[in-house]
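Report on the following structure.
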Amino acid sequence: MLKKSWILTLLLTFGMLLVWIGERIVDGDSRTFFTGGGAALMLVAIGLRALRVNVANSGQIEKTLLGLHGLTFLGIGLYVWQSDLWAKLAGQTLETGWPKLAGIVAVLVPAILALSLIPTLLVELSYASMAKAPVMETGRIQEATNAGLGMGFVLIFAFSLQYVVSERDVKRDFSYFRTARPGEATKRLVNSLDEPLEVFLFFPPASDASTYVQAYFDELKEGSSMLKVQLLDQALEPVKSKELGVSNNGSVVFKKGGRKETLFLGVEAEKARTQLRGLDVEVQKRVLQIAKSKRTVYMTSGHGERTQDPIANEQRANIDILWRTLQDQNFEVRTLSAAEGLGQDVPRDAAAIFIIGPTSAFTEPEAKALVEYGKRGGKLFIAIDPEAGLTFPELLTPLGLSFKAEVLTDDKSFARMRPQASPSDRRNVGTRTFSSHPSVNYLSRSQQPVLLVGAGPLTELQTHPADLVIDMALRTQSTTWNDLNSNFEHDAPTEVRQAYGVLSAISRRAASNKLEEELRALVLADSDVIADEVLPLLQGNQYLVVDGLKWLLGDEALQGSTNTELDLPMTRTRKEDSVWFYGTTFLAPVLVLSLGFVVRRRTSRPRKTEVKS
């Protein structure tokens, strides 16, 4: 009788290999030789193993191995059963006669072999390590068997999970590198098209960036029959490339009629990471540029308003981001001052007039020109600040509003914008108290917060023209008060806590019921909300501008989110960095060591025992 157990296991494995060669590689008489010979070798190995069961000192171990060998033989038997060898005996294959049973057997074969071969290997290794031991440790063999079975079950679970995932092909992107999906605003813009919009994607077949771009446009075109998307290779389409002005792959061309816009992304996803993350923003910008006719908006100047470019001795933030946002929305932005005709009349091509942060009053002719502009269906966006010390009645009274030069403060809902905490932070008031007005429809649904920095209170006049419809679209929280003495503390009863109005939407419907003849105005009691220092920080402030402008111009149907996966910068103070450094370097290890010391002391303390007499 063989003294070494692993020889029988090797014999069994060799027989199993012969069966596999007979069923998968050879045919004819060779198949019978390999399959029959392999099965015979397996039976010989099992028989010899059975003779060793009654051997003293190792009988229990041999019984374990005999059971595992039998399980292996069962798996091979099932494998042969589902092969065409069974068809020669039964007249038809298992898959033809019993398809469901064939599927079950196909799953059972690898599962049974995993549960038999892996434990066999671990048991043999443990068995060999005790070859010279006077007494066999059956506990070690049992642990090896359990470990092997555990590994087998883990393998079965992994393959089962992979099968379920492949059958239920639902995509969820939790990776660091995520690309933007079509946003609500972009989908609505595409759905509003009245003429076909062609999009040409120029990417080579091996481009990994094209996968992300195609997925974006596949989702975007689902709701619109006007969007046509083609995937082309610039090298294989020289005529079309020349027609569209494309010289390299990695470009996306938008074409509507005789107008076209090009967006270059690149062919490698890693290099185009930033562009792919902001893809929705760029696509919306290009579609607007060719789908909507360019309109002109005017920024008033000459009254200390905020400007696009820095001005000497100007401490306030600029409005360069607002300026460029308007240009991205396909507007031409121009300035309008008294020298440029504001004192006589507002230009006829003005789609809207922006008055952002004036620090001096408007003259009577200028105010009259703005009133006349409103009467013929003008659109106004006015943002004023209490720091100017003015109430601007020449602008607000015709709109049915009044304004007080009082700075609103809140000690419950505020934001810190400087490294060092200060009581002045209480003037950075956060709110999400929106009305149901269309200008803040998306903000109301998404509950995106808006940050105010030194806002003042707006109030509807008790008496104003009856045809004006005034809606206080945004209010502060009820914990906000008017800080009359500027000490950042609530001093009752002169300073009152209440929900103050900070954004008002005004409209006056025209007799003709035409949008172009309807007065629409937005009055914001804080121009810092849309200045460069605050606007990039919160999406709520951005949507306040973009969606407000869409309502002004009658495009409220295009409101909604614009998706982007671009990372926002994370800022920390020097003090916070020090806390994290010393906390992770010293405090955390000390806590762990202290806990271990306490536990060790408790477990090593001798227990008191009582001796009963």
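Below, each value reflects all heavy atoms present in this structure, side chains not excepted, and no hydrogens, waters or symmetry copies.
With a 4.5 Å cut-off on side-chain heavy atoms, Phe264 and Val252 do not count as touching. Side chains of Val287 and Leu197 form a contact here, defined as non-hydrogen atoms less than 4.5 Å apart. Inter-residue side-chain proximity for Leu232 and Lys240 is flagged as met; some heavy-atom pair is nearer than 4.5 Å. Counting heavy atoms from C-beta on, the side chains of Pro536 and Asp532 never come closer than 4.5 Å. Contact of the Phe202 side chain with the Leu231 side chain is not registered, since no non-hydrogen atoms from C-beta on lie closer than 4.5 Å. Looking at heavy atoms from C-beta onward, Ile76 lies in side-chain contact with Met42 at the 4.5 angstrom threshold. Taking the side chain as every heavy atom from C-beta outward, Phe434 and Val450 approach each other to under 4.5 Å.
To the nearest 0.5 Å, atom CG of residue Leu113 and atom CG of residue Leu155 are 11.5 Å apart. One distance of note links CZ of Arg52 with CG of Leu66; it measures 11.5 Å at 0.5 Å rounding. Taking CG of Leu201 as the start and CG of Leu265 as the end, the distance is 9.0 Å to the nearest 0.5 Å. Residue Glu261 holds its CD atom at 10.5 Å from CG of Leu288, rounded to the nearest 0.5 Å. Within the model, atoms CG of Leu244 and OG of Ser251 stand 10.0 Å from one another, a figure rounded to the nearest 0.5 Å. Distance check: Ile118 CD1 to Leu122 CG gives 8.0 Å after rounding to the nearest 0.5 Å.
In this structure, Asp320 pairs ionically with Arg324, as a charged nitrogen and a carboxylate oxygen lie closer than 4.0 Å. For the pair Glu184 and Lys187, the salt-bridge criterion is not met [side-chain N within less than 4.0 Å of a carboxylate O]. Residues Glu237 and Lys242 are not paired through a salt bridge, judged by the lack of any N-O separation under 4.0 Å between the basic side chain and the carboxylate.
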Next item on the list: Take Glu62 and Leu51, measure what side-chain contact (heavy atoms from CB on, under 4.5 Å) needs, and give me the verdict at the end.
Entry: CA-CA 9 Å; Glu62 297 294 340; Leu51 295 177; over 6 Å; no
Next item on the list: Run the numbers on Leu263 and Leu279 for side-chain contact (heavy atoms from CB on, under 4.5 Å), then give the verdict.
Entry: CA-CA 10 Å; Leu263 170 63; Leu279 183 60; 4.0 Å; yes
Margin query: With side-chain contact (heavy atoms from CB on, under 4.5 Å) as the criterion, how do Phe254 and Val283 come out once you've worked through the C-alpha distance, each side chain's angles and the decisive distance to 0.1 Å?
Written below: CA-CA 9 Å; Phe254 302 83; Val283 168; 4.0 Å; yes
Check: Step by step, would you call Thr120 with His69 a side-chain contact (heavy atoms from CB on, under 4.5 Å)?
Finding: CA-CA 8 Å; Thr120 298; His69 290 351; 3.9 Å; yes
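When all heavy atoms are compared, the tightest approach of Pro119 to Ala114 is CD-O, 3.7 Å. Residues Glu219 and Pro182 share a closest heavy-atom pair of OE1-CD, 3.6 Å.
The aromatic rings of Tyr442 and Tyr543 lie perpendicular to each other, with more than 60° between the two planes, well past the 30° mark.
No donor-acceptor pair under 3.5 Å is formed between the side chain of Asn541 and the backbone N or O of Leu535. Between the side chain of Ser413 and the main chain of Gly430, a donor-acceptor pair closer than 3.5 Å is present. With hydrogens and angles disregarded, no donor-acceptor distance shorter than 3.5 Å links the side chain of Asp233 to the backbone of Phe203. Asp208 places a side-chain N or O within donor-acceptor distance of the main-chain N or O of Ala269, the cut-off being under 3.5 Å. Listed for the Ser210 side chain is a donor-acceptor partner under 3.5 Å among the backbone atoms of Ser207. Distance alone, capped at 3.5 Å, is enough to place a donor-acceptor pair between the Lys228 side chain and the Ser225 backbone.
Each of Gln289, Gln284, Glu282 was compared with Arg286 under the side chain to side chain donor-acceptor pair (under 3.5 Å) criterion, and only Glu282 meets it. Of the listed residues (Arg259, Lys255, Lys256), just one forms a salt bridge (Lys or Arg N to Asp or Glu O under 4.0 Å) with Glu195, and that residue is Lys256.
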I'd like a table of donor-acceptor pairs (distance under 3.5 Å, sequence neighbours excluded) in which one partner is a side-chain atom from residues 6-18, with atom names and distances.
| from | atom 1 | to | atom 2 | distance (Å) |
| --- | --- | --- | --- | --- |
| Thr9 | OG1 | Arg49 | NH2 | 3.2 |
| Thr9 | OG1 | Glu124 | OE2 | 2.4 |
| Thr13 | OG1 | Thr9 | O | 2.9 |

Let me have the donor-acceptor pairs involving side chains of residues 144-154, under 3.5 Å, with sequence neighbours excluded, atom names and distances please.
| from | atom 1 | to | atom 2 | distance (Å) |
| --- | --- | --- | --- | --- |
| Thr145 | OG1 | Ile141 | O | 2.8 |
| Asn146 | OD1 | Gln142 | NE2 | 3.2 |
| Asn146 | ND2 | Gln142 | O | 3.3 |

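Counting non-hydrogen atoms of other residues, nucleotides and ligands closer than 6.0 Å to NZ of Lys63 gives a total of 12 or fewer.
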